[in-house]
Amino acid sequence: DSGVTQTPKHLITATGQRVTLRCSPRSGDLSVYWYQQSLDQGLQFLIQYYNGEERAKGNILERFSAQQFPDLHSELNLSSLELGDSALYFCASSAHITRGPKEGYTFGSGTRLTVV
Amino acid sequence: GQSLEQPSEVTAVEGAIVQINCTYQTSGFYGLSWYQQHDGGAPTFLSYNALDGLEETGRFSSFLSRSDSYGYLLLQELQMKDSASYFCAVRRPLEAKAAGNKLTFGGGTRVLVKP
């Protein structure tokens, strides 16, 4: 158990629908990052939150949105789903900037989204 | 823009040594990280180089040359359980604010270890 919790682990939904993916970061981590990984592809950065505020945006579609709540958990909302949105969605967390970078990111086990 | 290049696949036998190269081109650079990901699993952190030189962690070592925008991950005494994808990732500053950091990942190298 990495300490980063993602739910649900699997999600199957139809095109046009909307889903919400949830992430609880490791205890003490203030930063949450969302990544998308399509089949046999690398990790594409979507968005980052730090202590409730959006800090950076990557290749995130307008149909996607996210937020980080006061308890630091984060949700990624995917709407008007298309077949091409089928992927593994990972959440990662990292320590506050004052901690050493050698800790790296801690990833959750991911949510496998299948759009049919 | 930013890009990271690494080989797509490497095959080796148990006990062998594998070197996975990574070249990068990014705006801003703090350091180079390496992550391991088994099929269907989460990426796990292996190593981080902020300065030039070699960092050794057990059977795995990572090297960085900032002047060449190049690094590598060295896997020694390969074991079957090392079959996985390995990603290099550049840690760089956020564009707008100083606090925090951001990881940009390469496409990954699939390592297949054969008996």
Side-chain angles (χ1 to χ4, degrees), chain A residues 1-6 9-10 23 25-26 29-60 68 87-112, chain B residues 1-9 22 24 26-51 55-57 60 62 64 84-110:
Chain A
D1 182 7
S2 67
V4 178
T5 303
Q6 286 189 250
K9 291 193 183 305
H10 302 276
C23 169
R26 194 179 58 164
D29 285 357
L30 298 179
S31 278
V32 169
Y33 311 80
W34 286 97
Y35 284 84
Q36 179 194 55
Q37 186 176 38
S38 301
L39 189 63
D40 293 332
Q41 296 293 310
L43 291 146
Q44 299 297 319
F45 171 69
L46 295 177
I47 198 164
Q48 183 211 355
Y49 282 83
Y50 177 78
N51 203 21
E53 291 186 10
E54 180 186 304
R55 281 305 179 104
K57 265 188 173 180
N59 300 321
I60 187 167
Q68 186 178 29
L88 263 172
Y89 290 84
F90 286 104
C91 165
S93 70
S94 70
H96 188 276
I97 191 172
T98 56
R99 294 194 198 175
K102 281 187 174 292
E103 291 182 1
Y105 284 13
T106 302
F107 281 82
S109 56
T111 294
R112 183 174 294 280
Chain B
Q2 41 274 338
S3 68
L4 290 89
E5 297 290 332
Q6 52 181 128
S8 59
E9 191 170 303
C22 173
Y24 58 88
T26 64
S27 54
F29 180 84
Y30 280 153
L32 188 70
S33 299
W34 289 92
Y35 285 77
Q36 178 193 60
Q37 185 183 29
H38 287 98
D39 283 348
T44 54
F45 173 73
L46 290 178
S47 67
Y48 175 75
N49 294 67
L51 303 174
E55 293 273 348
E56 297 181 73
T57 310
F60 295 176
S62 57
L64 175 66
S85 291
Y86 293 83
F87 295 88
C88 60
V90 166
R91 177 172 171 261
R92 56 194 186 91
L94 300 178
E95 288 80 5
K97 299 181 182 179
N101 57 85
K102 179 177 173 179
L103 276 185
T104 299
F105 285 82
T109 299
R110 182 179 289 273

Restricting to pairs with a member in residues 41-50 of chain B, which pass salt bridge (Lys or Arg N to Asp or Glu O under 4.0 Å), not counting sequence neighbours? none

Against chain B, label Gln6(A) side chain, backbone, both or neither, depending on which of its atoms sit under 4.5 Å from a heavy atom there. neither

What heavy-atom pair brings Phe107(A) and Ala42(B) nearest, and what distance separates the two atoms? CB-CB, 4.1 Å

For Phe60(B), give me all partners under ring-ring contact (aromatic ring centres under 6.0 Å, His included), at least two apart in sequence or on another chain. none

Start with the C-alpha distance between Gln37(B) and Phe90(A), add both sets of side-chain angles, then the distance that settles side chain to side chain contact (heavy atoms under 4.5 Å, CB included), and finish with yes or no. CA-CA 12 Å; Gln37(B) 185 183 29; Phe90(A) 286 104; 3.5 Å; yes

Please report the closest heavy-atom contact between Leu103(B) and Tyr35(A), naming both atoms and the distance. O-OH, 2.7 Å

What's the shortest heavy-atom distance between Phe87(B) and Leu43(A), and which atoms? CE2-N, 4.4 Å

If you count heavy-atom pairs under 4.5 Å between each of Gly107(B), Gly108(B), Pro43(B) and chain A, which one has the most? Pro43(B)

